[in-house]
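Read through the structure below, which is laid out as structure tokens, and then see the notes.
Quick caveat: nothing in here was measured; it's all calculated off a predicted structure. Remember, it's 1-based here, ligands and their atoms both numbered in the order they're listed.
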Amino acid sequence: MKPAPFEYVAAESVEEALAALQQNNLEGKILAGGQSLLPLLNLRLIKPKILVDLNGISGLDAIRETPGFLAIGAMTRQSKVEHSSLVRERCPILAEAIRYIGHVAIRHRGTIGGSLAHGDPAAELPAVALALDAKFELAGKRSDRTIAAEEFFLDFLTTALAPDEILRQIVFPVLRSSSGYALEEITRRHGDFAIAGVVVIVDLDDAGKIAEARVALFGVAPTPVRARETERALIGREPNDSAMLEAAALLREVLEPPGDIRASSAYRKHAAAILMSRAFKRAVQLCH
Ligand code: FAD
């Protein structure tokens with residue numbers, strides 16, 4: 001349980017961090033909160049030549065509001081986002097989701113950018129980013145770029161981040177005050193990664209019918225996924241039991257979750273459909 005030897009640089013700016021990654025032939029790794037990176041290092045599942053620590057860079061941990069959006073620096077601790085009154089007011093699903101991440105100590109150290117850059121398909125934040133259509137601002141040595149959440153998560157623990165790029169900030173559209181939202185998940189023990197989970201965001205029209213439905217699932221595929229067919233099928237429906245039953249049946253049809261030591265594929269599929277119905281009911285109750 002000891003990492004292979006590595007060099008270490010405490011970067012004082014994003015530019016310095018990018019230069020350190022370049023100078024080491026891209027065999028470096030960014031260190032944020034270390035909550036996912038250190039276990040990988042200690043188990044020698046990864047052996048980077050150098051760790052580039054972002055913790056000393058100022059200005060990467062701000063939560064700012066612009067019209068219609070919340071911009072959150074990648075190094076913002078998960079607990080800061082969880083307890084931010086601005087986040088709770090403007091984008092409460094983010095704060096709700098973070099409550100499900102591990103335990104208090106992990107959320108105090110873990111960063112929002114670290115969770116997203118790690119890209120664990122069973123993690124809560126990637127699914128929230130996908131449900132909200134968040135944008136990821138990446139810093140690169142040659143140029144910066146912005147990428148949509150839909151294009152960011154590519155495969156199991158694999159994102160669109162190049163080895164010489166740093167996630168600088170994530171921009172989340174704020175929720176309409178009329179929107180309902182909910183996250184539901186199944187874990188073996190409190191604080192574990194989810195066996196299956198779902199994020200639902202819903203809006204009703206003046207007649208009480210579903211005007212917008214967003215359903216993002218986690219733990220059921222190599223990346224978080226949007227259930228687009230289910231979303232489309234719900235538009236214009238009354239949010240009643242029969243709509244939920246049909247949506248759940250549709251979800252069962254399209255999902256092909258992996259089976260592993262924690263749960264079979266069939267169990268995950270069944271759980272995802274039930275979680276979706278539960279989350280939808282809770283979300284609808286918050287709509288006004
Ligand atoms: P690090 O561990 O420092 O980095 C993670 C990866 O992202 C590394 O590859 C690193 O190089 C890269 N990286 C980090 N920041 C950047 C950046 N700005 N730009 C580019 N690359 C970057 N997570 C959940 O979602 N749900 C859970 O239920 C959960 N349970 C946990 C339980 C335990 C016991 C532990 C130890 C962790 C758990 N986690 C869980 C993981 C936790 O959320 C981590 O904090 C998170 O996954 C990584 O964030 P970090 O800041 O610690 O990143």
Could you tell me, atom by atom, which parts of ligand 1 come under 4.0 Å of a heavy atom of [X]?
X: Lys29; value: 9 (O), 11 (O)
X: Ala74; value: 18 (N)
X: Gly110; value: 45 (O), 51 (O), 52 (O)
X: Leu161; value: 20 (C), 21 (N)
X: Thr111; value: 49 (O), 50 (P), 51 (O)
X: Tyr100; value: 28 (O)

Hey, any chance [X] and [Y] share a hydrophobic cluster, counting ILVMFWY side chains that come within less than 4.5 Å of each other, even indirectly?
X: Leu217; Y: Met244; answer: yes
X: Leu54; Y: Leu116; answer: no
X: Val128; Y: Ile98; answer: yes

May I ask you to decide whether [X] forms a salt bridge with [Y], counting only side-chain N to carboxylate O separations under 4.0 Å?
X: Asp192; Y: Arg262; result: no
X: Glu231; Y: Arg226; result: yes
X: Arg268; Y: Asp260; result: yes
X: Lys269; Y: Glu253; result: no
X: Glu82; Y: Arg77; result: no

When you measure from [atom] to every protein heavy atom, which one gives the shortest distance, and what is it?
atom: atom 12 (C) of ligand 1; value: Ala117 CB, 3.9 Å
atom: atom 50 (P) of ligand 1; value: Gly33 N, 3.4 Å
atom: atom 28 (O) of ligand 1; value: Gly102 N, 3.2 Å
atom: atom 8 (C) of ligand 1; value: Leu37 CD1, 3.8 Å
atom: atom 15 (N) of ligand 1; value: Ala32 CB, 3.4 Å
atom: atom 52 (O) of ligand 1; value: Gln35 N, 2.8 Å
atom: atom 46 (C) of ligand 1; value: Ser36 OG, 3.4 Å
atom: atom 39 (N) of ligand 1; value: Phe193 CZ, 3.4 Å

Polar-atom distance check: [X] versus ligand 1, any N or O pair below 3.5 Å?
X: Glu124; value: yes
X: Arg109; value: no
X: Leu167; value: yes
X: Ile101; value: no
X: Leu54; value: no

Which atom of Cys287 lies closest to which atom of Ser179, heavy atoms considered: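 Heavy atoms of Cys287 and Ser179 come nearest at SG-C, 4.3 Å.
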Atom of Glu238, atom of Ala243 and distance for their closest heavy-atom approach: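 Heavy atoms only, the tightest pair is O-CB, 3.3 Å.
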Pick, from [options], the option with the minimum heavy-atom distance to [atom].
atom: atom 34 (C) of ligand 1; options: Ile98, Thr76, Leu38, Ile106; answer: Ile106
atom: atom 1 (P) of ligand 1; options: Gly114, Gly34, Ala123; answer: Gly34
atom: atom 16 (C) of ligand 1; options: Val52, Ile30, Ile46; answer: Ile30

Side-chain (Glu15) to main-chain (Ser13) donor-acceptor, under 3.5 angstrom: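 No: the side chain of Glu15 does not pair with the backbone of Ser13.
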Check: Asp155 main-chain N/O paired with Thr223 side-chain donor or acceptor under 3.5 Å: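 Flag not set: sc Thr223 to bb Asp155 has no pair under 3.5 Å.
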Ligand 1 versus Gln78: contacting region, heavy-atom distance under 4.0 Å: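 It is the side chain that gets close, since no backbone atom is under 4.0 Å.
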Which segment of Asp192 sits under 4.0 Å of ligand 1 when only heavy atoms are counted: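 Only the backbone of Asp192 comes within reach of ligand 1.
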For Ala273, side-chain contact (heavy atoms from CB on, under 4.5 Å) partners two or more places apart: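 Result, side-chain contact (heavy atoms from CB on, under 4.5 Å) vs Ala273: Ala248, Arg252.
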4.0 Å heavy-atom contact, Leu125 with ligand 1: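 Contact check Leu125 vs ligand 1: negative.
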Lys141 NZ to Ile166 CD1 distance, which is reported to the nearest 0.5 Å: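 Rounded to the nearest 0.5 Å, the NZ-CD1 separation comes to 10.5 Å.
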Check against salt bridge (Lys or Arg N to Asp or Glu O under 4.0 Å), Glu212 and Arg214: CA-CA 7 Å; Glu212 186 177 19; Arg214 291 158 180 251; 3.0 Å; yes
